[in-house]
Amino acid sequence: MPTSETILVDGMNLIYKFPDLAFFLGDKRYSEAQSGLIDILHSHYKNIDSTKVQVFFDGKKDYLNEVFSEEKWGIGIHYSHDLTADELILGYLKQSPQPGSCLVITSDKEILSFSRRMGARRVTSEDFYKEWLKEKEEMLCVSQELVKESPPDATEVDYWEKEFSR
């Protein structure tokens, strides 16, 4: 990984790959879906010091909110308002002094193609989700291993036999 990398995320595109987050969208609970994605990205990238994550969402934060950009846990969150998130991502790549230090996460073919031409690395939303699932399963296995205990010694067995035989 380059010393300083910027990760550009097509927010809505990635949300749809996570069934729980997609459910929120189906219920028109957009802010919960967006917040859930930010939480996932934070936990996924929090241990990589030189990485800057920029997430782009279509439209406004909410109906009455005029904020264009904000930050949570060091993650830049951008709302496209009258443009599309795709246009913001393409604009970011065009203006980047080093597009080769960018990683773009999307499944949008136009963005993937443009990213390739600009020299940016690319990961499809589906591949990101698969990688996230794999890491989550590995973490679960590790935590289960930590919970496992060694078999009880003879003294402990004797104690519990006496307790249950009363």
Side-chain angles (χ1 to χ4, degrees), residues 1-62 67 69-80 83-93 96 98-150:
M1 183 176 293
T3 56
S4 180
E5 181 176 50
T6 302
I7 299 170
L8 308 176
V9 180
D10 186 347
M12 295 303 274
N13 186 281
L14 187 54
I15 282 175
Y16 279 108
K17 305 309 173 212
F18 291 84
D20 293 350
L21 301 181
F23 175 79
F24 288 139
L25 290 179
D27 269 2
K28 302 211 183 307
R29 294 161 47 192
Y30 303 116
S31 64
E32 289 176 70
Q34 291 172 348
S35 181
L37 180 63
I38 299 304
D39 292 346
I40 287 168
L41 293 169
H42 170 68
S43 67
H44 190 73
Y45 290 112
K46 70 182 174 189
N47 295 326
I48 304 174
D49 293 335
S50 62
T51 299
K52 297 177 209 142
V53 179
Q54 305 292 332
V55 184
F56 299 88
F57 292 112
D58 290 305
K60 294 182 175 185
K61 180 175 180 174
D62 57 52
V67 69
S69 294
E70 60 186 350
E71 190 173 295
K72 182 178 179 183
W73 293 317
I75 296 174
I77 306 164
H78 310 282
Y79 304 96
S80 67
L83 300 173
T84 66
D86 297 2
E87 291 171 298
L88 294 182
I89 294 168
L90 295 173
Y92 192 101
L93 283 170
S96 174
Q98 293 182 307
S101 69
C102 293
L103 168 67
V104 179
I105 301 173
T106 186
S107 291
D108 183 282
K109 290 179 180 168
E110 180 185 356
I111 297 173
L112 289 170
S113 176
F114 185 78
S115 300
R116 181 185 51 76
R117 290 193 309 274
M118 295 293 290
R121 293 186 313 118
R122 299 148 324 274
V123 172
T124 65
S125 297
E126 293 83 3
D127 286 344
F128 178 90
Y129 178 70
K130 287 176 194 172
E131 179 185 329
W132 178 82
L133 271 180
K134 182 180 172 188
E135 287 179 10
K136 187 175 175 183
E137 288 171 7
E138 287 171 359
M139 286 176 29
L140 182 62
C141 288
V142 167
S143 65
Q144 287 174 344
E145 285 297 317
L146 293 174
V147 170
K148 288 182 180 178
E149 294 182 31
S150 58

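The structure displayed is predicted, hence computed values, not measured ones.
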> What pairs with Ser96 under side chain to side chain contact (heavy atoms under 4.5 Å, CB included), at least two apart in sequence or on another chain?
Replying inline: Pro99, Cys102

>> Other residues, nucleotides and ligands only: do more than 12 of their heavy atoms fall within 6.0 Å of NZ on Lys130?
In response: no

> Any chance the rings of His44 and Phe128 have centres within less than 6.0 Å?
Replying inline: yes

> When the ring planes of Phe56 and His78 are compared, do they come out parallel, tilted or perpendicular, using 30° and 60° as the limits?
Replying inline: parallel

>> Could you tell me if the side chain of Leu37 sits less than 4.5 Å from the side chain of Phe57, heavy atoms only?
In response: yes

> When rounded to the nearest 0.5 angstrom, what distance separates CD1 in Ile7 from NZ in Lys52?
Replying inline: 11.0 Å

>> Please check this pair: side chain of Ser101 against backbone of Glu5, looking for a donor-acceptor N/O pair closer than 3.5 Å.
In response: no

> Hey, what do you get for CG (Leu8) to CG (Leu88), rounding to the nearest 0.5 Å?
Replying inline: 10.5 Å

>> Testing the basics here: between Leu93 and Ala120, what is the closest heavy-atom pair and its distance to 0.1 Å?
In response: CD2-CB, 4.0 Å

> With Ser31, which residues qualify under side chain to side chain contact (heavy atoms under 4.5 Å, CB included), at least two apart?
Replying inline: none

> What are the two closest non-hydrogen atoms of Gln34 and Tyr79, and how far apart are they?
Replying inline: OE1-CE2, 3.9 Å

Residues 13-27 side chain polar contacts: donor-acceptor under 3.5 Å, at least two apart:
from, atom 1, to, atom 2, distance (Å)
Asn13, OD1, Ser107, N, 3.1
Asn13, OD1, Ser125, OG, 2.4
Lys17, NZ, Glu126, OE2, 3.2
Asp27, OD2, Arg29, NH1, 3.3

> Around Glu110, counting heavy atoms of other residues, nucleotides and ligands shown, do more than 12 lie under 6.0 Å from its CD?
Replying inline: no

>> Measuring from atom CZ of Arg122 to atom CG of Asp108, what distance do you get when rounded to the nearest 0.5 angstrom?
In response: 13.5 Å

> Rounded to the nearest 0.5 Å, what separation is found between the OG1 atom of Thr84 and the CD1 atom of Ile111?
Replying inline: 7.5 Å

>> Go through it in stages, so that I can follow the logic: the residues are Lys134 and Trp132, the test is side chain to side chain contact (heavy atoms under 4.5 Å, CB included), and I'd like the CA-CA distance, side-chain angles, deciding distance and then a yes or no.
In response: CA-CA 5 Å; Lys134 182 180 172 188; Trp132 178 82; over 6 Å; no

> Roughly how far apart are Ile89 CD1 and Leu83 CG, rounded to 0.5 Å?
Replying inline: 12.0 Å

>> Does Thr6 form a side chain to side chain contact (heavy atoms under 4.5 Å, CB included) with Tyr92? I'd like the steps, not just the answer.
In response: CA-CA 10 Å; Thr6 302; Tyr92 192 101; 3.4 Å; yes

